[in-house]
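Written out below as structure tokens is the structure these notes cover.
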Amino acid sequence: MKLTNARLQKIYLEAGRLFEEKGYANTKMAEIAKAAGIAVGTMYSAFTGKDAVLSFVIYATLDKSYLAEEVTLPIRPIESGHLLEALRHVIDIFDATLCVTDTEGNIQKDFPDLMGDLFDLFADYLLALDNIEKNRGVLEELAGEYLPRKAAYFKELESHLALYMEKGQIRTLTNLYSHVLYLTNTLTWWALNSNLSFPNQPIPRDVSRETCMGILQRAYAIG
């Protein structure tokens, strides 16, 4: 059988949303099929099982070339080695994005630029990363790779806020960690959760980005 990439994209988005909202164990193949607008039988013909759907969601998010090419059906569970390789590549991208100073400590990436870069990364990859965290019980290897790096991200962003504040790029803040959480939650909402919450009323990415950046710039502007 064949499914168009547009139909696979719909399955990808709906399955990713359901796995994140309800968890892997509580999501049924029939629910994914209904949300994607296909017959349950088609779902089972396209995937060998629910584990294949979950790994499909993770891999299609982490490796943007996957759904750009013709996908062989039925889709089987993707090997953990391939998933780990793709995840490590994305972690490297995040690491590079969070480098805001040169070797002498001079700021090379201003606050608005960092927020914009993080928005783009969240929009590109957060569907996989959130699902890894939500479903860590069935994605133990991936969670073991990702969760320590997520904890390090919070510490790095906190130190960056302190630096931006010291250099006069943002207003004076107290309790920096609360601002790390606020920034992360705001970026997460506009980059991903706004569309997951209202799948029938998708917000164009450029509109979400502009809205999010406006909120953050007003919240942290000096004046």
Side-chain angles (χ1 to χ4, degrees), residues 16 19-21 23 57-58 61-64 80 83-194 196 205 208-209 211-222:
F19 285 142
E20 183 177 9
E21 288 179 357
V57 168
I58 300 298
T61 305
L62 298 177
D63 187 342
K64 298 305 178 186
S80 61
L83 294 174
L84 278 169
E85 181 180 1
L87 175 60
R88 287 167 181 158
H89 175 68
V90 169
I91 288 173
D92 287 344
I93 294 173
F94 269 87
D95 287 346
T97 298
L98 284 167
C99 288
V100 303
T101 60
D102 60 21
T103 55
E104 296 179 353
N106 301 308
I107 294 177
Q108 300 296 303
K109 182 181 293 186
D110 292 337
F111 175 75
D113 295 326
L114 176 60
M115 293 300 104
D117 287 349
L118 287 175
F119 177 95
D120 291 335
L121 290 183
F122 283 16
D124 283 340
Y125 301 115
L126 208 57
L127 187 63
L129 301 179
D130 279 0
N131 264 297
I132 289 170
E133 183 169 8
K134 174 80 174 185
N135 300 293
R136 68 187 76 179
V138 293
L139 297 169
E140 292 182 8
E141 274 191 288
L142 296 177
E145 191 81 24
Y146 166 61
L147 292 178
R149 188 63 195 89
K150 179 182 178 180
Y153 152 83
F154 284 106
K155 292 181 180 179
E156 288 178 45
L157 187 52
E158 185 174 5
S159 69
H160 293 342
L161 289 182
L163 179 61
Y164 288 138
M165 188 169 58
E166 176 190 338
K167 299 299 183 181
Q169 288 202 9
I170 59 176
R171 63 181 177 83
T172 300
L173 306 174
T174 57
N175 195 351
L176 284 179
Y177 190 73
S178 67
H179 289 278
V180 170
L181 295 178
Y182 170 77
L183 289 166
T184 301
N185 289 338
T186 303
L187 289 164
T188 297
W189 169 255
W190 287 104
L192 177 66
N193 290 342
S194 57
L196 291 184
R205 177 165 169 167
S208 290
R209 193 182 195 279
T211 302
C212 183
M213 293 304 102
I215 290 170
L216 296 184
Q217 288 177 25
R218 287 191 296 274
Y220 288 90
I222 295 174

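Only a predicted model underlies this, so the values are computations on that prediction, with no experimental measurement involved.
Rounding to the nearest 0.5 Å gives a distance of 10.0 Å between CG of Leu129 and CG of Leu142. Note that the CG atom of Asp120 and the CD1 atom of Ile93 stand 11.5 Å from one another [nearest 0.5 Å]. Taking OG1 of Thr184 as the start and NZ of Lys150 as the end, the distance is 8.5 Å to the nearest 0.5 Å. To the nearest 0.5 angstrom, Leu176 atom CG is 11.5 Å from Leu181 atom CG. Here the OG1 atom belonging to Thr97 is positioned 8.0 Å from the CG atom belonging to Leu114, to the nearest 0.5 angstrom. Considering CG of Asp63 and CG of Leu83, their distance stands at 10.0 Å, rounded to 0.5 Å.
Contact check for Leu187 versus Leu216: side-chain heavy atoms found under the 4.5 Å cut-off. Side chains of Val90 and Tyr146 form no contact here, defined as non-hydrogen atoms less than 4.5 Å apart. Taking 4.5 Å as the limit, every side-chain heavy atom of Leu62 sits out of range of all side-chain heavy atoms of His89.
Residue Pro112 comes nearest to Met213 through the heavy atom pair O-SD, 4.4 Å, listed as atom of the first residue, atom of the second, then distance. Contact record, Leu98 with His160: O-NE2, 2.7 Å, taken as the closest heavy-atom pair. Summarising the geometry of Ala191 relative to Phe122, their closest heavy-atom pair is CB-CB, 3.7 Å, with the distance given to 0.1 Å. Contact detail for Ser194 and Ser208: the closest heavy-atom pair is OG-OG, 4.2 Å. Of all heavy-atom pairs spanning Ile91 and Glu145, the tightest one is CD1-O, 3.9 Å. Shown here for Glu133 and Arg136, the closest heavy-atom pair between the two residues is O-NE, 3.0 Å.
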- Task: Show the numbers, then the answer: is there a side chain to side chain contact (heavy atoms under 4.5 Å, CB included) between Asn193 and Leu126?
- Result: CA-CA 10 Å; Asn193 290 342; Leu126 208 57; 6.0 Å; no
Please step through side chain to side chain contact (heavy atoms under 4.5 Å, CB included) for the pair Asp130 and Phe19, ending with a clear verdict. CA-CA 10 Å; Asp130 279 0; Phe19 285 142; over 6 Å; no
**Message:** Assess the residue pair Tyr220 and Leu173 against the criterion (side chain to side chain contact (heavy atoms under 4.5 Å, CB included)); give the C-alpha distance rounded to whole Å, side-chain angles, the decisive distance to 0.1 Å, and a yes or no.
**Reply:** CA-CA 9 Å; Tyr220 288 90; Leu173 306 174; 3.7 Å; yes
Discussion item. Let's go through Arg205 and Asp124 carefully: what are the C-alpha distance in whole Å and the side-chain angles of both, what is the deciding distance for salt bridge (Lys or Arg N to Asp or Glu O under 4.0 Å) to 0.1 Å, and is it a yes or a no?
Written reply: CA-CA 10 Å; Arg205 177 165 169 167; Asp124 283 340; 2.8 Å; yes
**Asked** Given the rule in the side chain to side chain contact (heavy atoms under 4.5 Å, CB included) test, do Glu166 and Leu161 qualify, once you have shown the distances and angles that lead to the verdict?
**Response** CA-CA 8 Å; Glu166 176 190 338; Leu161 289 182; over 6 Å; no
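Side chain of Asn135 to main chain of Asn131: a donor-acceptor pair is present (N/O by atom type, distance under 3.5 Å, no hydrogens or angles).
Aromatic rings of Tyr153 and Phe94 (six-membered ring for Trp) have centroids beyond the 6.0 Å cut-off, not under it.
Using cut-offs of 30° and 60° on the angle between ring planes, the pair Tyr164 and Phe111 is perpendicular.
Comment: Arg88 does not engage Asp95 in a salt bridge, judged by the lack of any side-chain N to carboxylate O separation of less than 4.0 angstrom.
Heavy atoms of other residues, nucleotides or ligands lying less than 6.0 angstrom from NZ of Lys167 number 12 at most. The number of heavy-atom neighbours closer than 6.0 Å to CD of Glu21, taken from other residues, nucleotides and ligands shown, is above 12.
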